[in-house]
Amino acid sequence: MAAQLSTPPYDVIKEGSSLEKLLRENHSSFYHATLGASPAEALENLRQQGVLIPDLEPCFYIYEQKWEGGERLGFFAAVEVSPYSEGQIIRHEKTFDEKVKGRIAVTQATGYTLEPIFLLTKSPIGVILEKVRAEAKPLYAFSSDFGGYNDLHGIATRVFRVPEASESGRALREAISQNPLYIADGHHRYHAALLSGQNHAMAYIVQDARILAYNRVIRGSIPFSKARKSLKLESTSEFATPPQHQFCLYSKEGSFLLKAEEVPEDVVGRLDCSILERELYPTLGVDHSMIMKKVHFDYYPEWDLATMKALVDSGEYDVAVALHPVSIEELMAVADAGLKNPAIVMPEKSTFFAPKILSGLILYKHALK
């Protein structure tokens, strides 16, 4: 049932998409808890079906994902929710109170943290996780079927249960207590936990992760056909992920490379997403209010370049922009700088961690302070 229950995270299920239709039609899908009209009722239905099973013993859950050409190994845990100023949970993106109202409503209606915050640690947890994987029998083992509509489709998943009181459980607890945790993905989920007064929140913790570029499709107030006259563009044969400090643009007029005119030294200013905001957005007549509106802006990971091209070809957007991905080192440099100055954060949608984490495998019943 784990394969039938689990879904991609709520924030990558686009309204009206083929993926949403597939999940909505599956009555055993966790989609009905994360995005349905009545999350509490959906959870109760899943409990009555025997799909959701309580585990009263404190445990960690090791989560293995394998795909063609790669794998990732991490674990689920409940982490203490503390203010950013304490430096235990370190962010790299700005958060907005308005964007978390929906998540707060869901957690308050259900009493559960439904989806994990994705955290990075500098602690050497890999040896512990590998030992459990080699010796334990998996609690779940399956491959996801999302009809090819999401990059989690076809990924092989295994989950291993590790009681906190066990030797491996104690070792994991000790290891992650040695260093602060960096938010990789799920800033607004953590922010929702802060604002709702939770003691702990569910997290997925890894030592290493793969970051893809988070690309943009744009319809600014100035058409690209007009804006291109003031840009130093080079024609290119394909729309593809570019080298660092370059941008690949696709329009009905063809594909082009745009090279950064200036790369500052500061940790935020030198990021390609920051350079893009300074050097391209004004030329397209894009201001920050447009970035928050789907009619002007939308985001796609680099594996979905074909969809971006189709949106431009259809006229829904004017230009598609592919970026070079942010590195883990760049992310941590911004996060560490933000400890000294909270104003230092990345622009919105700077990173896309892949693959995402399946929702529905583990839930956490939280308590309030």
Side-chain angles (χ1 to χ4, degrees), residues 11-17 93-102 187-188 212-236 238-264 266 268-302 304-326 343-352:
D11 51 354
V12 300
I13 303 171
K14 293 184 182 293
E15 186 177 358
S17 66
E93 285 186 5
K94 186 177 181 180
T95 51
F96 300 89
D97 291 1
E98 186 68 27
K99 289 186 69 174
V100 302
K101 287 183 177 179
H187 282 78
H188 284 94
L212 300 184
Y214 216 176
N215 299 322
R216 288 97 161 106
V217 285
I218 304 171
R219 174 175 291 282
S221 60
I222 301 173
F224 178 75
S225 58
K226 181 179 179 180
R228 64 170 291 195
K229 298 174 184 177
S230 59
L231 297 170
K232 296 178 181 178
L233 300 173
E234 298 178 11
S235 295
T236 184
E238 63 175 340
F239 181 55
T241 299
Q244 190 176 31
H245 305 324
Q246 296 186 35
F247 309 96
C248 193
L249 281 57
Y250 176 79
S251 73
K252 289 184 178 181
E253 300 176 23
S255 296
F256 306 91
L257 278 178
L258 174 66
K259 295 181 180 179
E261 293 185 3
E262 180 184 1
V263 181
D266 70 280
V268 174
R270 65 179 291 103
L271 297 173
D272 282 355
C273 45
S274 297
I275 295 170
L276 191 71
E277 287 194 6
R278 292 194 305 272
E279 297 189 5
L280 179 63
Y281 289 4
T283 308
L284 298 175
V286 172
D287 60 34
H288 193 269
S289 67
M290 293 181 180
I291 293 174
M292 309 301 288
K293 297 175 182 177
K294 193 175 178 181
V295 66
H296 292 291
F297 238 82
D298 206 357
Y299 299 85
Y300 289 85
E302 62 183 271
D304 211 6
L305 295 175
T307 298
M308 297 171 67
K309 291 179 67 175
L311 289 168
V312 172
D313 290 339
S314 70
E316 187 169 347
Y317 291 94
D318 191 38
V319 62
V321 184
L323 293 77
H324 189 80
V326 172
I344 297 177
V345 290
M346 287 186 181
E348 298 94 328
K349 305 291 186 181
S350 300
T351 58
F352 188 95

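Note that this is a predicted model, so its numbers are computed, not measured.
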Can you give me the closest heavy-atom contact between [X] and [Y], atom names plus distance?
X: L257; Y: P242; answer: CD2-CB, 4.1 Å
X: F256; Y: S235; answer: CE2-OG, 3.9 Å
X: V312; Y: A320; answer: CG2-N, 3.6 Å

In Å and rounded to the nearest 0.5 Å, what is the [atom1] to [atom2] distance from [X] to [Y]?
X: D313; Y: M308; atom1: CG; atom2: CE; value: 12.0 Å
X: T307; Y: K309; atom1: OG1; atom2: NZ; value: 11.5 Å
X: L231; Y: L249; atom1: CG; atom2: CG; value: 7.5 Å

Measure the shortest side-chain to side-chain distance between [X] and [Y] over non-hydrogen atoms and say whether it is less than 4.5 angstrom.
X: P325; Y: T241; result: yes
X: V286; Y: I218; result: yes
X: L305; Y: N215; result: yes
X: D298; Y: E316; result: no
X: Y300; Y: K14; result: yes

Please, which pairs that meet salt bridge (Lys or Arg N to Asp or Glu O under 4.0 Å) have at least one residue in residues 217-233, sequence neighbours excluded?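 Listed once each, the pairs are R228-E253.
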Contacts of S289 that satisfy side chain to side chain donor-acceptor pair (under 3.5 Å) - sequence neighbours left out: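 Expected list: D287.
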Does S225 have any side chain to side chain donor-acceptor pair (under 3.5 Å) partners at least two apart in sequence or in another chain, and if so, which?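 So S225 forms no side chain to side chain donor-acceptor pair (under 3.5 Å) with any residue.
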Tell me whether [X] contacts the main-chain N or O of [Y] through its side chain, where contact means a donor paired with an acceptor under 3.5 Å.
X: H187; Y: E93; answer: yes
X: S255; Y: Y250; answer: no
X: D318; Y: F224; answer: yes

Compile the donor-acceptor pairs under 3.5 Å between side chains in residues 270-284 and protein atoms, sequence neighbours left out, one pair per line.
| from | atom 1 | to | atom 2 | distance (Å) |
| --- | --- | --- | --- | --- |
| R270 | NH1 | P264 | O | 3.2 |
| D272 | OD1 | H245 | N | 3.2 |
| D272 | OD1 | H245 | ND1 | 2.7 |
| D272 | OD2 | H245 | N | 2.9 |
| S274 | OG | V268 | O | 2.8 |
| R278 | NH1 | G269 | O | 3.2 |
| R278 | NH2 | G269 | O | 3.0 |
| E279 | OE1 | E261 | N | 2.9 |
| E279 | OE2 | E261 | N | 3.3 |
| E279 | OE2 | E262 | N | 3.1 |
| Y281 | OH | R216 | NE | 3.2 |

Kindly check if the number of other-residue, nucleotide or ligand heavy atoms within 6.0 Å of NZ (K101) is above 12?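 No - once you tally the heavy atoms of other residues, nucleotides and ligands closer than 6.0 Å, there are 12 at most.
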Which residues pass the salt bridge (charged side-chain N to carboxylate O under 4.0 Å, His left out) test with K252, sequence neighbours left out?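 K252 satisfies salt bridge (charged side-chain N to carboxylate O under 4.0 Å, His left out) with no other residue.
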Tell me every residue that passes salt bridge (charged side-chain N to carboxylate O under 4.0 Å, His left out) with E234, counting only those two or more places apart in sequence or in another chain.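 Applying salt bridge (charged side-chain N to carboxylate O under 4.0 Å, His left out) to E234 gives K259.
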Could you please spell out the steps behind the side-chain contact (heavy atoms from CB on, under 4.5 Å) verdict for H296 and Y317? CA-CA 7 Å; H296 292 291; Y317 291 94; 6.0 Å; no
Give the intermediate values and the outcome of side-chain contact (heavy atoms from CB on, under 4.5 Å) for residues M290 and S221. CA-CA 9 Å; M290 293 181 180; S221 60; 3.9 Å; yes
Quick one: do K349 and I291 satisfy side-chain contact (heavy atoms from CB on, under 4.5 Å)? Show the steps, please. CA-CA 10 Å; K349 305 291 186 181; I291 293 174; over 6 Å; no
